[in-house]
Amino acid sequence: MHRARQHAEARTKERRQRLAHEAARLMSESGIRDFHQAKLKAAERLGFHDDASLPRNREIEEALRGYQRLFHGDDMEERLRSRREAALRALDFFAPFEPRLVGPVLEGTADANAPVLLHLFCDDPREVAIWLQEHDIPADSRMRRLRLDRERSGDFDVWVFNTDEATFDLTVLPRDALRQAPLSPVTEKPMARASASQLRALLAEDEIAGYEALAR
C-alpha cells in the first residue's frame, strides 16, 4: 500500500513537471499570458486530464524562467532592458497618477509578446481617459478583475495602447490601493511593483552588472 502510494505521488509529480514545462513553452512561444489557460492547453496537448497533475502558477513561472534562460538568454537581456527603459518613460509620462510597474517586465520574465503592465492610481478612472485623449493616444478600454486582498476583489478599468516600443497595459486603481498592491495570481501575495525611482535604480544595477560581466 505504501509503495503504491509513493509510486502514484511520484507519477503525479512527474506529470506536474511536464505540464509546467509545456505551459511555460506555450507562454514563451505562443504569447499566452494567462497561467490557467496555459496549463489547460498544456494538459490538452499532453493528454493529462486529472486536476491533481495541474501545476501551480508559481511552478509554471519557475519553468518559464528556466526556458527563457535556456533558449533566449542573450536576446532576453537586451529585450528586457529595452522594455524596462520604455516602462520608465511611461512612468514619467503618467506621473500625475503615481504609476507603478508590475508584471513580467519588472520580474524579468518578459518575452517578445509581453506588454508593459502599469498600475495607475486615481479615484475617478475618467481622469486617465481624459489624459490619454489630451495627448492624442488612442487606447482600447476593457475591464480586469483583481484581488485586492484575500477578502476583496474588484473590476477595474484598463486602457491598452501600442507604440513602436511596446504594448502598454494600464490598470486604473483607487488611490488607497497605493498602500498595498493587489494579490499576484502567481504567488497569491501582494504583487511586486516599482515606482519610477525604483526602476531607475534597477536599471542602474543592471548596467553595473553588465559592465562587471564584460570585465571578467
Side-chain angles (χ1 to χ4, degrees), residues 27-28 30-38 57 76 78-149 151-187 189-204 206-207:
M27 294 184 76
S28 182
S30 302
I32 297 175
R33 302 261 63 87
D34 183 83
F35 283 89
H36 185 66
Q37 181 185 355
N57 291 347
M76 184 179 173
E78 182 178 347
R79 183 168 58 240
L80 181 60
R81 181 168 184 83
S82 175
R83 290 293 177 86
R84 285 176 171 173
E85 289 173 346
L88 180 58
R89 288 188 285 274
L91 290 171
D92 288 337
F93 177 76
F94 289 107
F97 303 103
E98 301 183 73
R100 299 292 188 270
L101 174 65
V102 300
V105 173
L106 175 60
E107 295 163 2
T109 58
D111 57 29
N113 301 303
V116 175
L117 301 177
L118 301 182
H119 286 175
L120 275 55
F121 299 88
C122 66
D123 291 327
D124 185 353
R126 291 175 297 181
E127 293 180 21
V128 175
I130 293 170
W131 181 267
L132 291 168
Q133 291 172 359
E134 288 178 343
H135 291 84
D136 296 321
I137 299 175
D140 296 325
S141 65
R142 58 194 66 173
M143 300 294 289
R144 173 170 296 135
R145 190 162 189 80
L146 293 176
R147 294 178 64 199
L148 297 176
D149 52 40
E151 297 179 353
R152 297 181 301 148
S153 297
D155 295 315
F156 301 97
D157 289 86
V158 175
W159 294 96
V160 179
F161 63 91
N162 296 302
T163 70
D164 292 337
E165 297 175 306
T167 296
F168 291 85
D169 180 305
L170 318 174
T171 301
V172 185
L173 298 167
R175 287 197 180 275
D176 63 8
L178 270 167
R179 291 179 294 183
Q180 179 174 303
L183 299 186
S184 165
V186 178
T187 64
K189 297 178 180 179
M191 292 181 183
R193 58 186 184 181
S195 64
S197 60
Q198 290 169 328
L199 184 55
R200 282 192 182 88
L202 180 59
L203 284 165
D206 289 344
E207 187 171 0

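Everything numeric in this text was worked out from a predicted model, so none of it was measured.
Of all the heavy atoms in Met191 and Pro185, the pair that sits closest is CE-CD, 4.2 Å. When all heavy atoms of Ala110 and Leu80 are compared, the pair lying nearest together is CB-CD1, 4.2 Å. Here the closest non-hydrogen pair linking Gly103 and Leu117 is CA-CD1, 4.0 Å.
Rounding to the nearest 0.5 angstrom, the gap separating the CZ atom in Arg142 from the CG atom in Asp155 is 14.5 Å. Between atom CG of residue Asp157 and atom OG1 of residue Thr171 there is a gap of 9.5 Å, rounded to the nearest 0.5 Å. To the nearest 0.5 Å, the span separating CD on Glu127 from CD on Glu134 amounts to 10.5 Å. In this structure, Leu170 CG and Ser141 OG are separated by 12.0 Å, a value rounded to the nearest 0.5 Å. Here Ser197 contributes atom OG and Leu202 contributes atom CG; the two are 11.5 Å apart, rounded to the nearest 0.5 Å.
A salt bridge links Arg152 to Asp149: one of the charged nitrogens lies within less than 4.0 Å of a carboxylate oxygen. For Arg144 and Asp169, the salt-bridge test passes: some basic side-chain N is under 4.0 Å from an acidic carboxylate O. With respect to Asp123 and Arg175, no salt bridge is recorded, no charged nitrogen being found less than 4.0 Å from a carboxylate O.
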Leu148 and Phe156: side chain to side chain contact (heavy atoms under 4.5 Å, CB included), yes or no, with the steps?
-> CA-CA 11 Å; Leu148 297 176; Phe156 301 97; 3.8 Å; yes
Run the numbers on Arg145 and Ser153 for side chain to side chain contact (heavy atoms under 4.5 Å, CB included), then give the verdict.
CA-CA 7 Å; Arg145 190 162 189 80; Ser153 297; 3.7 Å; yes
- For His119 and Phe97, what are the C-alpha separation, side-chain angles and deciding distance, and is it a ring pair (Phe, Tyr, Trp, His ring centres under 6.0 Å)? CA-CA 9 Å; His119 286 175; Phe97 303 103; over 10 Å; no
Is there a side chain to side chain contact (heavy atoms under 4.5 Å, CB included) between Leu199 and Leu91? Walk through the geometry before answering. CA-CA 9 Å; Leu199 184 55; Leu91 290 171; 3.8 Å; yes
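Considering only heavy atoms from C-beta on, Leu101 comes within 4.5 Å of Leu118 through its side chain. Counting heavy atoms from C-beta on, the side chains of Phe93 and His135 come closer than 4.5 Å. Residues Glu98 and Leu178 are in side-chain contact: their nearest non-hydrogen atoms beyond the backbone lie under 4.5 Å apart. Residues Trp131 and Pro96 meet the side-chain proximity criterion, which asks for heavy atoms closer than 4.5 Å. Between Leu183 and Lys189, the closest side-chain pair of non-hydrogen atoms is not below 4.5 Å. Using a 4.5 Å heavy-atom threshold, the side chains of Arg84 and Leu88 count as separate.
Remark: of the listed residues Thr163, Val105, Val102, Val105 is the sole one forming a side-chain contact (heavy atoms from CB on, under 4.5 Å) with Val116.
Defined by atom type and a distance below 3.5 Å, a donor-acceptor pair is missing between the side-chain atoms of Arg100 and Ser195.
Counting only distance, with no hydrogens or angles, the side chain of Arg147 and the backbone of Pro182 share no donor-acceptor pair below 3.5 Å. Of the possible polar contacts, none joining the Arg193 side chain to the Leu106 backbone as a donor-acceptor pair under 3.5 Å is found.
Two rings, from Phe168 and Trp159, have their centers 6.0 Å or more apart.
The local environment of CZ in Arg126 is sparse, with at most 12 non-hydrogen atoms from other residues, nucleotides or ligands closer than 6.0 Å.
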